[in-house]
Amino acid sequence: MLLFPLRRPFTGRLPRVLVALLAMSAMPAMAASTLACGSYNAVDGGARLVVESSGQAEHRYEGQPPIRYLIRQQGQTLHAANISSGYTDSYTLSADGKRITATLADYVLDAPARCSTAPAPVAGSCRADIDSCIESASSASPQLLKQWCQEDLPFACNALLASYEKQAQQQGNDIDPELEEPEVCKEKSPLFNENACREAAREVLGKALGKAFADALSGAEAVLADAPLGELLQLCRQQPDAGFCEKVADAHWNAGHFLAAGQALQLACRAGGDERTCQRASSVLALDAGQFRAAPASTLPCGDYAADTGLMSELSFGDQGLVTLGMGSEMRARLENGNIHIRHDKGGDFVFKPLTNGGLLGLDRWNRYAVYARTGGASHCTAPVTFIELPLPQDCPTGDAQACCDAGKLQGCNAMGHRKALAGDWQAAAPYYLKLCQVGVRAGCENLRSVYEHTEDEDLPGKLLWICNRDGKGTHVACDVYATTNWALLGLGAQLQRAADEIEADVETDAAPDTGKANRK
C-alpha cells in the first residue's frame, strides 16, 4: 500500500523542471580552472609572482634574491613549497585562473606567457615528495641533506651547512661546569634538597641566559674544518643559490679563507644576490692573496679609515686607543692575538685584521667583508692604557645569592643585580653592580651604565668617575667605561623611553572603560 497515493495516474511524461534537474545531475562536475603561466603583479605593488610552469614559480621583489617554489594544483588550491627556506603554504586560485590569493597579498596576471616544460621529478627523490621531505629536513643526516642539496633544493643545502656548524660548536665547546645540573637537584645525591634546588636552578638559568646573550653579542661563530668548507663551496658552484652561497661565504670568512669567501659571494651575486652582496664581493676580490698575509699587528692603528661596506663607514684611531665613530661616540681599541679589537657597548668586540697595504679588514659579523683604507688623520698616537680588570669570581655556584653577596661573594651580588634588573627594578640593581665595579669587575661597571640608560640616575656617572680617580693612576676599569660612554646620549634615550611609556599609559587609561559611571545616579 502506498503511503502517499498518486492523485492522478502517471502519463509517462515528467514535468519540465524535474527533467532539467535530472539532466543537471547527470552532467560531470565543472572542472577546476587552469593556472595560467606568466607574471602576476601584487595588487599592492612591489612584488611579482612569476609562474613558469604548472610545477614551478618564483617570487620576485626588487633588490632581493628570487624565492623559488615548487607548486601543485589541487582544485582551486595551489600548494606551494618554498625550496629556498623550506616552508610550505597554500594559495587560492580564482575561477578564471588569473588571480592568486596568498596569505598577505593578491596577485593578478598582467603578462601571460607560454608555460615551460618542467622535467618530471625522479621517483624516490626529495622533489617527488617535497612536503614530507621539508618536514623531515631537521632530522635528516648530512649525507641525505647533501643528496637533496644536489637536487637544487637550497633549504637542504642550508640545513647541511647548519648541521656542520652544530657539529663544530659541539666539538669546540665543552659543557660549562656552571651550567650542569646542580648537585642539590640530583635526587640520588646526599645533598639533594628541593628548596635549595629551586634556588640553584634559578641561578643556573640566569647564567645560561647571560652566556647566550654574551655569545650573541660577541659575534663568536663556529669555525668549520677545511673538508666541510670545500664540500660546501663545491655545492655552491654546482647549485648556485644566492642565500646559500652567501652563507657559504660567511663560513669561509669565519675560517680565514678570505678569497674563497669572495668567490662564494660572487656566485651569490650572480645568482640574484642584492646590491650589498655584489658590493661586498667586489671589495674582497679587489684584494690579491698577498694582501691578506700581513704580519700580526704589534701596534694599534693611528689616523682615519673608511670603507664602502660595514657597520661603520669611518673609523678614527686616536690617543690611548680611543676610536671615534661619529655622533660623539668613542670606544677603546686593544691588540689581541695580532688583531685589532674594539670593545663596543653591548659586551662584544669589533675585530679587524691588518692588511699589507696598510688597510684593515673587518672580521666580526658586523663588519664582515668590509675593507677599510687609510684616508689620513693623525700620524702619531700615544700608547693605549692597560686597564686593570678582575674576572668575576665563581664563588657562589649554588645557594642563596643574597646571602652570598652579604658575605662578600661577588657572584652572588652579580646574580642579585641581574634578578632586580630582569624584574624591571634597575634602581635596586645599582648597589649590587656597584660592588662589582668597585673591585674592578668590568661587567659591574658596564651594568651601571645600563642602569643609567634605564633610570637616568645622575649620581652614576659621578660614582664611576670617583672609582676611577680613587687610586690616582687612571688604570681602573671604571676609567675606561666612564671615558667611552656617551652619557648625554644615554640620558636622552632614557628621557625618550620615559615619554613613550607615559604616552602609552595615558592611551591605555583613556581606552579603559569607566566602570564608575554605571553606578552614578
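The shown structure was predicted, so the numbers you read here are calculated from the model rather than taken from an experiment. These values consider heavy atoms only, across backbone and side chains, with no hydrogens, waters or symmetry-generated copies.
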Table please: side-chain donor-acceptor pairs of residues 290-309 below 3.5 Å, with sequence neighbours left out.
{"unit_1": "Q291", "atom_1": "OE1", "unit_2": "D288", "atom_2": "N", "d": "3.0"}
{"unit_1": "D304", "atom_1": "OD1", "unit_2": "S316", "atom_2": "OG", "d": "2.7"}

Practice task
Please check if any side-chain donor atom of Q76 sits under 3.5 Å from a side-chain acceptor atom of S33, or the reverse.
Solution key: yes
Exercise for the section: Check whether the side chains of Y433 and H418 place a donor and an acceptor atom closer than 3.5 Å, and report yes or no. Expected result: yes
Practice task
Go through the steps to decide whether L229 and V248 satisfy the test side chain to side chain contact (heavy atoms under 4.5 Å, CB included), and finish with yes or no.
Solution key: CA-CA 8 Å; L229 284 172; V248 172; over 6 Å; no
Counting N and O atoms only, with roles assigned by atom type, does the side chain of [X] sit under 3.5 Å from a partner on the main chain of [Y], one being a donor and the other an acceptor?
| X | Y | result |
| --- | --- | --- |
| Q239 | Q150 | yes |
| T484 | D480 | yes |
| Q394 | L392 | yes |
| S136 | S132 | yes |
| E246 | T277 | no |
| S282 | C278 | no |

Problem - Set of side chain to side chain donor-acceptor pair (under 3.5 Å) partners for Q263, sequence neighbours left out - result: R237
Handout entry: S450: partners by side chain to side chain donor-acceptor pair (under 3.5 Å), with sequence neighbours left out
Key = none
Fill in the blank from the handout: Rounding to 0.5 Å, atoms CG (L265) and SG (C245) come to a distance of 9.5 Å
I want to check something: taking the side chain as every heavy atom from C-beta on, are [X] and [Y] in contact at a cut-off of under 4.5 Å?
| X | Y | value |
| --- | --- | --- |
| P384 | F317 | no |
| L235 | F244 | yes |
| V323 | L315 | yes |
| T77 | L93 | no |
| V481 | T485 | yes |
| L363 | N254 | no |
| I342 | R332 | no |
| D110 | S39 | yes |

Exercise for the section: Kindly state each residue pair satisfying salt bridge (Lys or Arg N to Asp or Glu O under 4.0 Å) with at least one member in residues 85-103, sequence neighbours excluded. Expected result: R99-D106
Contacts under 3.5 angstrom, residues 81-88 side chains, donor-acceptor by atom type, not counting sequence neighbours:
{"unit_1": "N82", "atom_1": "OD1", "unit_2": "S84", "atom_2": "N", "d": "2.9"}
{"unit_1": "N82", "atom_1": "OD1", "unit_2": "S85", "atom_2": "N", "d": "3.0"}
{"unit_1": "N82", "atom_1": "OD1", "unit_2": "S85", "atom_2": "OG", "d": "3.4"}
{"unit_1": "N82", "atom_1": "ND2", "unit_2": "S85", "atom_2": "OG", "d": "3.1"}
{"unit_1": "S84", "atom_1": "OG", "unit_2": "R68", "atom_2": "N", "d": "3.4"}

Could you tell me which non-hydrogen atom of [X] sits nearest to which non-hydrogen atom of [Y], and how far apart they are?
| X | Y | answer |
| --- | --- | --- |
| F155 | C133 | CZ-SG, 4.2 Å |
| P65 | G273 | CG-CA, 4.2 Å |
| R48 | Y107 | C-CE2, 4.3 Å |
| A271 | P66 | O-CD, 4.2 Å |

Completion exercise
residues 352-362 vs side-chain hydrogen bond (donor to acceptor under 3.5 Å, both in side chains), sequence neighbours excluded, gives none
Exercise for the section: Name all pairs fulfilling the side-chain hydrogen bond (donor to acceptor under 3.5 Å, both in side chains) condition that reach into residues 333-342, sequence neighbours left out, sorted by first residue then second. Expected result: R334-E336, R334-D349, H341-D349
Problem - By ring pair (Phe, Tyr, Trp, His ring centres under 6.0 Å) - contacts of Y372 (at least two apart) - result: F352
Practice task
Using the test ring pair (Phe, Tyr, Trp, His ring centres under 6.0 Å), find all partners of W253 that sit at least two apart in sequence or belong to another chain.
Solution key: F258, Y369
Handout entry: salt bridge (charged side-chain N to carboxylate O under 4.0 Å, His left out) involving R276 - partner list, sequence neighbours excluded
Key = none
Practice task
List in chain and number order the residues that pass salt bridge (charged side-chain N to carboxylate O under 4.0 Å, His left out) with R72, two or more places apart in sequence or in another chain; answer none if no residue qualifies.
Solution key: D131
Practice task
Run the salt-bridge test on E446 and R442 with the 4.0 Å N-O cut-off and return the result as yes or no.
Solution key: yes
Completion exercise
residues 59-106 vs disulfide bond (SG atoms under 2.5 Å apart), sequence neighbours excluded, gives none
Practice task
Step by step, work out the side chain to side chain contact (heavy atoms under 4.5 Å, CB included) result for R127 and V122.
Solution key: CA-CA 8 Å; R127 283 178 171 261; V122 177; over 6 Å; no
